[in-house]
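The first residue in the sequence is number 1, and the count goes up from there. We use all heavy atoms of the structure for the numbers below, so side chains are in, but hydrogens, waters and symmetry mates are not. First listed ligand is number 1; within each ligand, the first listed atom is number 1.
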Amino acid sequence: MHQPNNFSRILNQLAAISSASSTPKRARKVASDSEKDGKQLINVVVVGHVDAGKSTLMGHLLYELGYVDQRTIHKYRNEASHAGKASFAYAWVLDDTEQERARGVTMDIARTAFETATKKVVLLDAPGHKDFIPNMITGASQADAAILVINATNGEFETGFENGGQTREHAMLLRSFGISQILVAINKLDTVGWSKQRYDAIVIQIKNFLTRQAGFQSNKCTFVPVSGLDGDNLTAKVGPDHQLNQWYKGPTLLEAIDALKAPKRMAEGPLRIVITDVFKTQTNSISLAGKIESGDVMAGDKVYFMPTAVAATVKYLTSDTESQCDQMCCGEQGQFTLTGVFEPDTISTGHVIVAGGPDTLKPAKRFLVRLVVFDIQIPIMKGTRAELYCHSMCEPCTFIHLRSAINKSDGTVVKTKPRCLSRNMSGMVEIETDHEVAIEPYTVCRALGRITIRRSGNTIAVGIVEQTLA
Ligand code: GDP
């Protein structure tokens, strides 16, 4: 995360002080954080079985959109063919670390932004390799919609979808993170001569799975035939002589991405400022850095720090992108100076600022969590101790009750009250933190409802808070 250095921080604060003291309070703007430069912002995760062609598809799309220049792609082509992997040139646009190239698989979440007619799209390219499921989860937990890439090659679709492939698991994970829109790119259709029969057969199987098992609504699933390698049907309709032209009149990949609905942002939600740093506390004033995850805030607003419920008044705001401001909205980060009565050590990183009274975010200790367990050696059992991470907060916790184990491929409960949750399992669990914390259900505020569980320095599971229990 970008952290301003002390010097720029001080400059920003000075700027804020001079502006806030001289500027009369203005009327509140209507917050519209989902609009950036007139375009709606949407985070999209790209998932699919390893080798489905995710990186090639997105790399080629970026190239066609002009985000990668001729020289770079030429260089990648040369390097790729020298390495004996000529077909990976487009994938390298996204897989840009040496290690990824050497292995030919994407290891971390690559973040790339591009624009469509009406959207600003942040692409989270999640790795499909089995070892890297944790990264895929990180991507999915930040996404508003997903592109599922399917390899249509004979035999390959069957491997990815039916025989223990990752396609089903990825789709289930997307649903468990609350993603409801899915764009299915049926890729590598060049390898089956752009066969309509093959396309239709794959669409039927995937659609059945997505709607009947994974719980997607059918009107939220879109299918697009493409070839990432040849660049067909990505940003432009295929020519009249192309085989696809004989049977497909639907959208290109770009048009389908543009048609994804941007999520209802939290701009009109209740104020939630997650504190990421506390610079200076005096008896009657505090300076801190934070990110607005929901709602908006203005100088003069009366607010509360949770979980301590300490009351304060916002004095100055300094946004990271705009040095002086009267108001900051959801999605923005910045520095805040507040006045109030502050006892030493009552406010720290991980606390959350709310408005409208301390009751609007009830601090709690016990949570019902939908959990996805990583590839761990020691299973999670009742009584297991760990650390719970959520937004900028970390707190020791205990697994109090394992309610159920869930089948990752179809979401059904496989066992109630399991004795343990071992590697790669999913489940519903009750977790208790040692102290009260400012966490709330994912459906209320996504940023405050997504948790990571770590033990001895390793991430052992991630999840979303379904309910606050006590
Ligand atoms: P990822 O693991 O899903 O990111 O897959 P990659 O993008 O690395 O592609 C895996 C392999 O499939 C590479 O050799 C690509 O060149 C190849 N590939 C990707 N898309 C297509 C396609 O549309 N047609 C064909 N024939 N090959 C493709």
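Listed by first and then second residue, the salt bridge (Lys or Arg N to Asp or Glu O under 4.0 Å) pairs involving residues 224-247 are K237-E255 (not counting sequence neighbours). Note on residues 216-245: pairs passing ring pair (Phe, Tyr, Trp, His ring centres under 6.0 Å), not counting sequence neighbours, are W194-H242.
Heavy atoms from other residues, nucleotides or ligands lying under 6.0 Å from CD1 of I378 number 12 at most.
Not a single N or O atom of V50, backbone or side chain, sits closer than 3.5 Å to an N or O atom of ligand 1. Of the polar atoms of L57, none of the N or O atoms is found under 3.5 Å from an N or O of ligand 1, judged by distance alone.
Listed by number with element, the atoms of ligand 1 under 4.0 Å from a non-hydrogen atom of S55 are 4 (O), 7 (O). Near D190, the atoms of ligand 1 lying under 4.0 angstrom from a non-hydrogen atom of the residue are 22 (C), 23 (O), 24 (N), 25 (C), 26 (N). Near A52, the atoms of ligand 1 lying under 4.0 angstrom from a non-hydrogen atom of the residue are 3 (O). Under a 4.0 Å criterion applied to the non-hydrogen atoms of S227, ligand 1 contributes the atoms 22 (C), 23 (O), 24 (N). Using a 4.0 Å cut-off to heavy atoms of T191, the atoms of ligand 1 that qualify are 26 (N).
Contacts with ligand 1 closer than 4.0 Å are made by side-chain heavy atoms of N187 only, the backbone lying farther away.
With distances taken over non-hydrogen atoms, the option nearest atom 17 (C) of ligand 1 out of K188, K54, H60, E156 is K188. Taking each of T56, N151, V46 in turn, the one with a heavy atom nearest to atom 9 (O) of ligand 1 proves to be T56. Evaluated by nearest non-hydrogen atom to atom 10 (C) of ligand 1, the leading choice among D51, V47, D230 is D51.
The aromatic rings of F209 and F161 stand perpendicular to each other, their planes meeting at an angle above 60°, with 30° marking the opposite boundary.
A salt bridge between D434 and R385 is present, with a side-chain N of the basic residue lying under 4.0 Å from a carboxylate O of the acidic one. E156 has no carboxylate O lying under 4.0 Å from a charged side-chain N of K188, or vice versa, which leaves the two without a salt bridge.
With hydrogens and angles disregarded, a donor-acceptor distance shorter than 3.5 Å links the side chain of K119 to the backbone of L260.
The distance from atom CG of L210 to atom NZ of K220, rounded to the nearest 0.5 Å, is 13.5 Å.
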